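Accompanying notes for the structure given below.
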Amino acid sequence: MTSASPRPRVRFAPSPTGFLHVGGARTALFNWLYARKFGGDFLLRIEDTDRQRSTDESTRAIFQGLEWLGLTWDEEVVHQGANLAQHQRDAQQLLDVGAAYRDFTPLAEIERLRNDAESRGLAFRFDRRMALISATEEADKLAHGEPYAIRFKVPEGSTEWNDLVHERIVFPNADIEDFVVLRSDGTPVYNMAVVSDDIAMRITTVMRGDDHISNTPKQILLYRALGAEVPQFAHVPMIHGPDGKKLSKRHGATAVGDYQYQGLLPGAMLNFLALLGWSPGDDTEVMTMDELIAKFDVHGLQKKAGIFDTKKLEWMNGQHLAKISLEELEPFVTPAFERAGLATAAELHARHDWYFGLLELLRVRARTTDEIATLAAHFFRDSVEYDPEAMGKQWRDVAATADILQATRDRLASLPLWDAHAMEDALRKLAEEREISGGKIFQPLRVALTGLTVSPGIFDVLLYVGRERSLGRLDAAVAYLSQDAGA
RNA sequence: GGCGGUAUCGUCUAGGGGACUAGGACACAGCCCUCUCAAGGCUGGAACACGGGUUCGAAUCCCGUUACCGCUACCA
């Protein structure tokens, strides 16, 4: 078995047939963490040999997704499609060393036999003898340019490896048929291309989804036949939807980009993904990237598929939202403010202290950056829209409310300084004089200032809405109520 | 069908023979805090798939069963 190299080289090898999937992102993350942890290299290979399904748009989406997550790769991206000649050379080498043979059986014939067997409920298995022909016959077919596939000659015995997450896995070779490595049109089959590329890229540890476990014995056989060192393998579990089936579009958002668009923080996404299928062994959950790197260990990898729980993702995002520095947070929130049409980045920067103070107020109450923008709306708008439910609840007695709001306005207006403590003292005193609870003043006031029954602390709202606008909103509320009473 | 993988609260997980009356987190419920909402704190319900072994002793080791997932292509 191979020994762990001091400088591991790992890779993430997605097919560009769609957006970056959360499952792929997690596989990339584990590889990335492993590389960072041991000072190795994290490489990216785009497996674009399937011309039908591969698109440049998907390739760009994968780059974009990885960049957003901060999962940067160390060397130039490898495009598998560009390595055709190398794949063919390796397939030819298999032929040269006698590890593979030419199969002139027409593809149509194989398909016919397979369909036959299947219609009778039997499993079709390619029989090596079908391809057995004499040397002169083969020379003749070659001379006539007859097409042939190259098949790997699976040896006797069994193939086993020590998986980093599953420990020992053994496959009897008798269960593996002589698989094609190079099609009759000269293109390599998946397992051939992967092994050829991983050898060329000098990959030391192959960490991928456990749906590849069954491919692994074939690949190990290929490494050996090619005289290459067999890398270590780590098969990480899949991600399933809430119904236990493989995560797919019908489960909702599965593309990393969807979450970026919803206002998730990449750090939260990564933290959540890391914990789905991996555990540091203790109870720590909310971690920075540096902590993840420090704590990452393949022994903490789970064998069982995990279910994607968006509730916990949201919670995780809320934790990160509240914990990272405002400087780190700002670049993610400002675009949300711009999208919501609240202010431009320039306007926000011009009011830096006010803006950051506002963020501090709102971030603990939100679970996404978009939600912060939503909560911030009434701090920007000129007028307030009264929520009918809020009015129904806090402004029931119209005349009394107008009266208390007027009194509130007068007290606040008479304050020499627009200061939270002074405001609280004044309003609590007003409540005392009227023999009512503070809430009886604060709640109607909240509706007047925000139109809603929920908001940050009322004195913070007063402070951040500002003196002029606060008093203006109170005037507007009193006018609105008086008009209502008159009607 | 064959082969392979997996199996602890609804979900993510800790656990690697005795510290398990099975711990933490999300979600849920209640309480506290409190001007509302969050956040935070406390409390509660909630799991070792089943059956056999091995052992003085098993969630932990072995075997079987069941369920789920994957592979079984000249797809990736």
Side-chain angles (χ1 to χ4, degrees), chain A residues 13-15 17 47-50 52-54 80 103 105-107 110-111 114 118 121-126 147-151 163 166 169-172 174-177 179-185 187-191 193-194 209-218 235 237-238 240 242 244-246 272 275-286 299-300 302-316 318-319 322 362-367 375 390 393-394 424 427-428 431 437-443 445-447 450 452-459 461:
Chain A
S15 301
T17 55
E47 307 214 321
D48 53 358
T49 47
D50 185 341
Q52 305 298 315
R53 293 190 293 163
S54 300
Q80 190 163 59
D103 175 17
T105 316
L107 179 52
I110 297 215
E111 282 169 350
R114 190 185 312 280
E118 275 166 12
L122 299 168
F124 171 76
R125 186 68 191 287
F126 183 82
Y148 61 88
I150 298 181
R151 279 185 189 272
D163 198 275
H166 292 270
I169 298 182
V170 185
F171 280 80
D175 291 326
I176 307 169
E177 73 172 0
F179 55 96
V180 168
V181 291
L182 202 70
R183 298 187 189 94
S184 45
D185 67 359
T187 60
V189 122
Y190 173 74
N191 284 314
V194 166
D210 66 13
D211 49 338
H212 286 289
I213 287 179
S214 299
N215 283 322
T216 307
K218 295 178 187 172
H235 287 96
M238 312 259 74
H240 288 170
K245 306 268 186 237
K246 190 173 167 173
F272 169 76
L275 254 26
L276 216 197
W278 173 79
S279 157
D282 55 31
D283 290 336
T284 51
E285 302 224 61
V286 182
H299 297 300
Q302 195 75 16
K303 297 186 181 78
K304 175 181 68 162
I307 291 175
F308 196 80
D309 181 6
T310 47
K311 278 280 200 324
K312 187 148 187 176
L313 207 209
E314 284 167 17
W315 167 79
M316 183 63 82
Q319 293 293 312
L362 300 178
R363 60 168 168 169
V364 74
R365 282 161 239 270
R367 291 205 153 185
L375 294 174
K393 203 169 178 189
Q394 302 300 341
E424 178 156 12
L427 295 188
R428 292 225 184 255
S437 68
K440 287 282 188 289
I441 291 176
F442 305 145
Q443 283 301 85
L445 172 57
R446 172 168 284 113
V447 177
T450 69
L452 306 168
T453 55
V454 305
S455 81
I458 197 67
F459 304 106
V461 174

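Every chain is numbered from 1, with letters handed out A, B, ... down the list of sequences. Treat the numbers as computed from the prediction; the structure is a model and nothing was measured.
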Determine the contact category for A:V170: base if any of its heavy atoms lies under 4.0 Å from a base atom, sugar-phosphate if only primed atoms, P, OP1 or OP2 are that close, otherwise nothing.
sugar-phosphate

Nucleotide opposite B:rA25 in a Watson-Crick or G-U pair, distances under 3.5 Å:
B:rU11

Is A:H166 touching bases, backbone alone, or none of the nucleic acid, heavy atoms closer than 4.0 Å?
sugar-phosphate

Main-chain N/O of A:N191 paired to A:N215 side chain as donor or acceptor, under 3.5 Å:
no

Roughly how many Å apart are B:rU8 and B:rG4, using the C1' atom of each and rounding to a whole number?
23 Å

Rounded to whole angstrom, note down the C1' distance from B:rU54 over to B:rC61.
8 Å

Can you tell me how far C1' in B:rA7 sits from the matching atom in B:rA49, rounded to whole Å?
7 Å

Taking the six-membered ring for Trp and the full ring for Phe, Tyr or His, determine whether the centres of A:F442 and A:F459 are under 6.0 Å apart.
yes

Is any side-chain heavy atom of A:K312 closer than 4.5 Å to a side-chain heavy atom of A:L275?
no

Same-atom distance (C1') from B:rC20 to B:rA38, integer angstrom:
36 Å

Mind checking who B:rA19 pairs with, Watson-Crick or G-U wobble, both distances under 3.5 Å?
none

Tell which nucleotide pairs with B:rU34, taking only Watson-Crick or G-U wobble pairs whose two distances are both under 3.5 angstrom.
none

Could you tell me how far B:rC12 sits from B:rC33 if I compare only their C1' atoms? Round to whole Å.
29 Å

When the P atoms of B:rC42 and B:rC35 are considered, how many whole Å apart are they?
22 Å

Side chains of A:F272 and A:T310: closer than 4.5 Å at any heavy-atom pair?
no

Under a 4.0 Å heavy-atom criterion, the protein footprint on nucleotides 31-48 of chain B, written with B, S and -, is ----BBBBSS--------

As its Watson-Crick or G-U partner within any shown strand, both distances under 3.5 Å, B:rU60 has none

Apply side-chain contact (heavy atoms from CB on, under 4.5 Å) to the pair A:R446 and A:V461, showing each step before the final yes or no.
CA-CA 8 Å; A:R446 172 168 284 113; A:V461 174; 5.6 Å; no

Each nucleotide of nucleotides 69-74 of chain B classed B (base within 4.0 Å of a protein heavy atom), S (only sugar-phosphate) or -, in 5' to 3' order, makes SBS-SB

Complementary nucleotide for B:rG45 - Watson-Crick or wobble, under 3.5 Å:
none

Could you tell me if the side chain of A:F124 sits less than 4.5 Å from the side chain of A:E118, heavy atoms only?
no

Test item: A:T17 and A:D50 side chains (from C-beta on) under 4.5 Å apart, heavy atoms
no

Between A:I169 and A:I213, is there a side-chain heavy-atom distance shorter than 4.5 Å?
yes

For the pair A:I110 and A:D103, evaluate side-chain contact (heavy atoms from CB on, under 4.5 Å) and give the outcome as yes or no after the intermediate values.
CA-CA 11 Å; A:I110 297 215; A:D103 175 17; 4.0 Å; yes

Taking the same atom, C1', in B:rU13 and in B:rA27, what whole-Å distance lies between them?
15 Å

Which part of the nucleic acid, if any, lies within contact of A:T49, taking any heavy atom under 4.0 Å across all strands shown: a base, the sugar-phosphate backbone alone, or nothing?
sugar-phosphate

In the strands shown, is B:rU54 matched to any nucleotide by a Watson-Crick or G-U wobble pair with both distances under 3.5 Å, and which?
none

I'd like to know whether A:V454 forms a side-chain contact (heavy atoms from CB on, under 4.5 Å) with A:R365, so could you lay out the CA-CA distance, the side-chain angles of the two residues, the decisive distance to 0.1 Å, and finally the verdict.
CA-CA 10 Å; A:V454 305; A:R365 282 161 239 270; over 6 Å; no

Tell me which nucleotide, if any, is Watson-Crick or G-U wobble paired with B:rU72 when both distances must be under 3.5 Å.
B:rG1

Contacts under 3.5 Å, N or O only, protein and nucleotides 11-15 of chain B:
| unit_1 | atom_1 | unit_2 | atom_2 | d |
| --- | --- | --- | --- | --- |
| B:rC12 | OP1 | A:I307 | N | 3.2 |
| B:rC12 | O2' | A:L275 | O | 2.9 |
| B:rU13 | OP1 | A:G277 | N | 2.4 |
| B:rA14 | OP2 | A:Q302 | OE1 | 3.3 |

Are A:V286 and A:M316 close enough that some pair of their side-chain heavy atoms sits under 4.5 Å apart?
yes

For the residue pair A:Y190 and A:E47, establish whether any side-chain heavy-atom pair is separated by less than 4.5 Å.
yes

How far does the P atom of B:rG53 sit from the matching atom of B:rA58, given to the nearest Å?
12 Å

So do A:F171 and A:T216 actually touch side chain to side chain, heavy atoms under 4.5 Å?
no

